[in-house]
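Quick note on labels: first sequence line is chain A, next is B, and so on, each numbered from 1. The structure displayed is predicted, hence computed values, not measured ones.
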2 protein chains.
Amino acid sequence: MLSTMHRDEFIKTLRTRGYKATPQRIAIYETLLEKEHPSVEEIYETIKKRFPSVSLTTVYQTLHLLADLGLVIELGFSDKSARFDTNIKPHINVICPSCGKITDYEDSSVQELWTHIRQKFANRPVTHRFDVYVPCDQCL
Amino acid sequence: MLSTMHRDEFIKTLRTRGYKATPQRIAIYETLLEKEHPSVEEIYETIKKRFPSVSLTTVYQTLHLLADLGLVIELGFSDKSARFDTNIKPHINVICPSCGKITDYEDSSVQELWTHIRQKFANRPVTHRFDVYVPCDQCL
DNA sequence: TTTCTTGCAAACACTTTGCATGCGG
DNA sequence: CCGCATGCAAAGTGTTTGCAAGAAA
């Protein structure tokens with residue numbers, strides 16, 4: 001199972017960086033890998049099935065930690081809903097304007113633009129975020 | 001002056017669509033054209049110099065109206081700060097990760113990616129948002 | 001044992017809503 | 001003069017903080 005491998009790497013990363021590998025953190029990270037671009041609320045509800053006493057505070061704190069470690073990217077939206085993405089590679093977030101579903105799209109053209117941009121700005125670009133709004137099949 | 005032309009177009013657009021051209025709305029729209037990617041607070045403070053009695057409520061309501069009319073794009077960020085962009089054409093928001101300054105970058109490569117994406121998704125894409133994080137000259 | 005983490009409650013910032021007054025057309 | 005727009009106050013939402021109790025190493 002893919003997430004198992006990630007899980008162990010994750011625990012190692014935490015310890016290496018001086019953080020404790022708590023079951024809550026592991027569960028939150030696994031949820032991020034399993035779900036696609038979950039919201040805070042989605043993560044919270046998922047975790048609560050396994051850890052009924054978990055708090056929203058812990059979810060927020062853990063997400064901040066993961067962002068600091070560079071393991072997730074937080075996508076802020078204008079309707080206040082934040083989504084979290086474990087895909088760090090150059091890609092496009094394909095977002096349905098109706099239902100809000102997000103899927104990743106990777107191909108050479110994205111790579112090319114990113115390469116072009118990096119050259120244009122003397123290799124200074126550190127991160128990116130590309131969103132494209134496309135009605136999904138269900139919503140059409 | 002560029003904004004004068006925009007101003008009249010704006011008034012016309014409002015009336016055509018059945019909305020009233022109030023001085024507050026005009027001032028808010030002019031602020032959007034003058035400032036680069038202002039926040040709600042920036043717009044509010046700017047408007048207050050000319051209309052000391054203006055309320056934040058009106059600023060929010062007007063920004064929503066402009067977004068509905070397709071005249072501005074709201075850029076939500078993970079730190080909760082929203083910025084507003086009157087540039088509707090395909091472009092990249094070049095954002096400084098330190099100071100948060102945003103400048104637009106347009107060139108053929110962005111157009112090309114957009115064209116490619118539109119073809120790939122059968123012309124369904126409706127909007128986009130491309131952000132690139134690049135430390136600005138001052139912050140380097 | 002020691003230090004970091006959790007989870008509760010309260011505080012917070014930003015945004016939205018209800019409603020009476022006011023202004024645009 | 002009619003109806004939408006404004007602006008105040010209050011409510012709402014999502015997120016953060018302070019702190020005592022608990023768990024990881």
Interatomic distance where CG belongs to B:D68 and P belongs to D:dC4 [whole Å]: 16 Å
For residues 131-140 of chain B, run the donor-acceptor check on the side chains, cut-off 3.5 Å, and write out each pair with its distance to 0.1 Å, sequence neighbours left out.
unit_1: B:D131; atom_1: OD1; unit_2: B:N93; atom_2: ND2; d: 2.9
unit_1: B:D131; atom_1: OD2; unit_2: B:R129; atom_2: NE; d: 3.0
unit_1: B:D131; atom_1: OD2; unit_2: B:R129; atom_2: NH2; d: 2.9
unit_1: B:D137; atom_1: OD1; unit_2: A:R124; atom_2: NH1; d: 3.2
unit_1: B:D137; atom_1: OD1; unit_2: A:R124; atom_2: NH2; d: 3.2

Begin from the C-alpha positions of A:K35 and A:E42 and carry the test salt bridge (charged side-chain N to carboxylate O under 4.0 Å, His left out) through to its verdict. CA-CA 9 Å; A:K35 306 248 167 186; A:E42 266 177 279; 5.1 Å; no
Contact letters for nucleotides 2-11 of chain C, in which S counts primed atoms plus P, OP1 and OP2 and B counts the base, heavy atoms under 4.0 Å: -BBSBBBB--
Tell me yes or no: between the side chains of B:H37 and B:D104, is some donor less than 3.5 Å from an acceptor? yes
Using whole Å, report how far NE2 of B:H64 lies from P of D:dT6. 14 Å
For atom CG of B:L56 and atom P of D:dA10, their distance in whole Å: 16 Å
Whole-Å distance, A:K80 NZ to D:dG12 C1', equals 13 Å
A:E41 CD to D:dG14 P: how many Å, rounded? 7 Å
Using the rule given for side-chain contact (heavy atoms from CB on, under 4.5 Å), can you reason through A:E36 versus A:I102, listing the C-alpha separation, both sets of side-chain angles and the distance that settles it, and then say yes or no? CA-CA 7 Å; A:E36 299 183 48; A:I102 305 176; over 6 Å; no
Donor-acceptor under 3.5 Å (B:K80 side chain, B:S78 main chain): yes
Atom OH of B:Y44 to atom P of C:dC14: distance rounded to whole Å? 13 Å
Output the rounded distance in Å from CG (B:L14) to P (D:dC4). 15 Å
Could you check how far CD1 of A:I26 sits from P of D:dA23, rounded to whole Å? 16 Å
B:I43 and B:L63, any side-chain heavy atoms less than 4.5 Å apart: yes
